[in-house]
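In what follows, a structure is listed as structure tokens, so that the remarks can point back to it.
Source: prediction; values computed, not measured. Reminder, nothing fancy here: chain letters follow the sequence lines and each chain counts from 1.
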Amino acid sequence: MRMDRKKLGTILVVVSVVLILMTVYLAVFFAPLPQTGVKSAGEILSSVEGSKLKVAGFVSAVYSIHFGMLDGPDEVIFSLADFRDYGRYLQANATHSLNQQWWTVRPIDIKSISGGLNPRMGPNLGGVIVVGANLSMDGIVTSNTIAPNSNVTGFSLSSGSGNDITFGSVGSFGLMTAPVAQKIFYFHMPSAWACYLSFGVTLVGSALFLRTRDHKYDRVAYSSAEIGIVFATIAITTGPVWARQEWGVYWRWDDMKLVTTFVLWLVYIGYLSLRAAISEPSAKARVSAVYGILSFITVPMSFLSSRVAPLLQSSHPQVIATSSGSLSPQAGMTIGIAVVAFTVLFITMLIKRVEIAEAEEELEELKRKIGDEE
Amino acid sequence: MRAALIIAAKDLKVELRSKEMLSAMFLFSLLIVLAFRFGFSNAVNSGAVGLPELASSALWICFSFAAILGMYTSFAKEKDRETLDGLLLAPVDRSDLYLGKALSNLIVVFFVDLLSIAFFALFFSFDYGGQALAVVALALLGSVTLVLVGTLVAAISVNTRAREALLPILLIPLIAFSVIVPSVTATKNAMVGGIGDSVQQIESVAAFAAIFAVLGYLTFDFVLEG
């Protein structure tokens, strides 16, 4: 039986190594970089005609233009960029590090008739557009005068009270390719999944331990928590690598997904500190099982934070928030294999960690026996 | 349930006689509000930080830390005087013990909340402007959630070696999003006049109170056993 388990362990190690290598290969050479971030006016026009759009960001530039008729009113055009932080934008602009980054390179131009600014454009504006001010507007796409995918010049977003918001020319917000750091997604998302899974196993192990008082469940619970912390650490360190490229910053404290995941990590660090602070084995198992159950509430909090965002005031960088784009088939396949790879890796690590825990306990037992004989 | 009330009454009686916890928490909350007064004096005087924003955050930091201190003491005291064993020998359900402890903690914590709210008005010359009742109600709601999870975690930490250091480590991450973040938002909304904007936050705090109550009720037994 023991021999079989050892064999199984070896097979699992080999399988998980192969799967991880496969994921690396697929992520690097197979999955294409998605065309994300900015959509062309034609694409948006055909897909969201009549639907609701939200534009949000800060005003990066304001200029006044006189169009068409000589006696017509001046129009104010302002560019909206999404950083929510004007100081950071200026800094990035000064160091020329804005290339190929989120919206700031090619901001949306929003046109408005001068003098008649919609008060809904921002509570602090008071009718004047201030550079650096945060703006967010909801509206319904109304213009359908331009054929989809043609060389359109723009479309307008009806904001509900007369002033249409006009998006600039195609050139000012064309299709953009995600930064190459996007590939880290194939490791980021599966490790987040693996950490949720590990903490789920900790929950089940803790509950079973309290029910049966069988220490094998306690071993599974804390082994799984340790592995979960490893995966959570991978998830919260790979995220910033991507975020630096995509958002221009490593971390956003206003994004609830990031913050709740960080808290999740802290809670399970707390779980391990709790175990370290109790010496008596049965009390350690009992008390930490209760905390292991309690800690699990942070898992749905982290998992759901991007879904129930309004409750938690999430402000993910979505200048145009429509339904999320779906993955290409190649990317879908890669992420599928990556999830399988990380799941197998988790199972392998769990089996190995439980074996170590058993060996440790056996050693303690032997030490005690020797002590008794002397 | 009756047992829970008796335990809470016993705790409060002990507290009223010694006033140990109350006096410590009173000074503690006074000092936290003062620390904010000194620490933020430039920001407040120059108007860089709005008082409602500062008040909501400062109050909740104050409530949380004072509650941690109080809940820790309520168990540490029993443990140190070896009265915890007596309490465990009492022929009552452990779950009632949990409810009783939570109730007595809530009363003490809420009393300190009221003091902090008053201290804030005093030191920052802040006028709650008719919203004081809403702020108090939110403090009570948040404290219920805080105490329900805190009592359980305090009982967990009292069993450990580094118990006073461990309680904040174990508790703060759990209350960060269940109590502090939504309560701060709701309190700020209430101060600028619209408690109606915070329905979601209030619902969320109340939902966590229910979750923690159920978890505490079911698992408290295991924490204090043996």
- The side chain to side chain contact (heavy atoms under 4.5 Å, CB included) partners of B/Ala155 (sequence neighbours excluded) come to B/Phe75, B/Phe220, B/Val223, B/Leu224
- Note on the structure: Taken to the nearest 0.5 Å, the spacing of A/Ile297 CD1 from B/Phe208 CZ works out to 5.0 Å
- When rounded to the nearest 0.5 angstrom, what is the spacing between OG in A/Ser288 and CG in B/Asn159? 11.0 Å
- Task: Measure A/Leu264 against the heavy atoms of chain B and call it side chain, backbone, both or neither at under 4.5 Å.
- Result: neither
- Heavy-atom pairs under 4.5 Å with chain B, option from A/Ile293, A/Leu266, A/Leu274, A/Ile278 with the top count: A/Leu274
- Query: So which part of A/Ser273 gets closer than 4.5 Å to some heavy atom of chain B, the side chain, the backbone, both or neither?
  - Reply: both
- By ring pair (Phe, Tyr, Trp, His ring centres under 6.0 Å) - contacts of A/Tyr291 (at least two apart): none
- Item | B/Phe65 CZ: over 12 foreign heavy atoms closer than 6.0 Å | no
- Message: Let me confirm one number: the CG-CD1 distance from A/Leu272 to B/Ile169, rounded to the nearest 0.5 Å.
- Response: 12.0 Å
- Query: So, for A/Val263 and B/Pro173, which heavy atoms are closest and what is the spacing to 0.1 Å?
  - Reply: CG1-O, 3.2 Å
- Atom pair OG1 (B/Thr219) and CG (A/Leu294), whose distance is rounded to the nearest 0.5 Å: 7.0 Å
- Query: Using a heavy-atom distance cut-off of less than 4.5 Å, which residues of residues 210-219 of chain A contact chain B?
  - Reply: A/Leu210, A/Arg213
- Query: CD1 of B/Ile156 to CZ of A/Arg286: how many Å apart, nearest 0.5 Å?
  - Reply: 10.5 Å
- Message: Is B/Ile172 in contact with chain A via its backbone, its side chain, both, or neither, using a 4.5 Å heavy-atom distance?
- Response: neither
- With sequence neighbours left out, the residues meeting side-chain hydrogen bond (donor to acceptor under 3.5 Å, both in side chains) with A/Thr238 are A/His188
- Give the member of B/Leu170, B/Thr160, B/Val149 that has the highest number of heavy-atom pairs under 4.5 Å with chain A. B/Leu170
- Greatest number of non-hydrogen atom pairs under 4.5 angstrom with chain B, of A/Ala276, A/Gly270, A/Ala277, falls to A/Ala277
- In terms of heavy-atom proximity below 4.5 Å to chain A, should B/Ile211 be classed as side chain, backbone, both, or neither? side chain
- Query: Is the count of non-hydrogen atoms from other residues, nucleotides or ligands lying under 6.0 Å from B/Asn45 atom CG greater than 12?
  - Reply: yes
- Query: Where does A/Ser295 contact chain B at under 4.5 Å (heavy atoms): side chain, backbone, both or neither?
  - Reply: backbone
- A/Val259 side chain near B/Phe177 side chain, heavy-atom distance below 4.5 Å: yes
- Quick one: what part of B/Leu166 sits under 4.5 Å from any heavy atom of chain A, side chain, backbone, both or neither? side chain
- Heavy-atom proximity to chain A below 4.5 Å, by part of B/Leu215: side chain
- Message: Looking at B/Leu133, I'd like to know if its CG atom is crowded, meaning that more than 12 non-hydrogen atoms belonging to other residues, nucleotides or ligands lie closer than 6.0 Å.
- Response: no
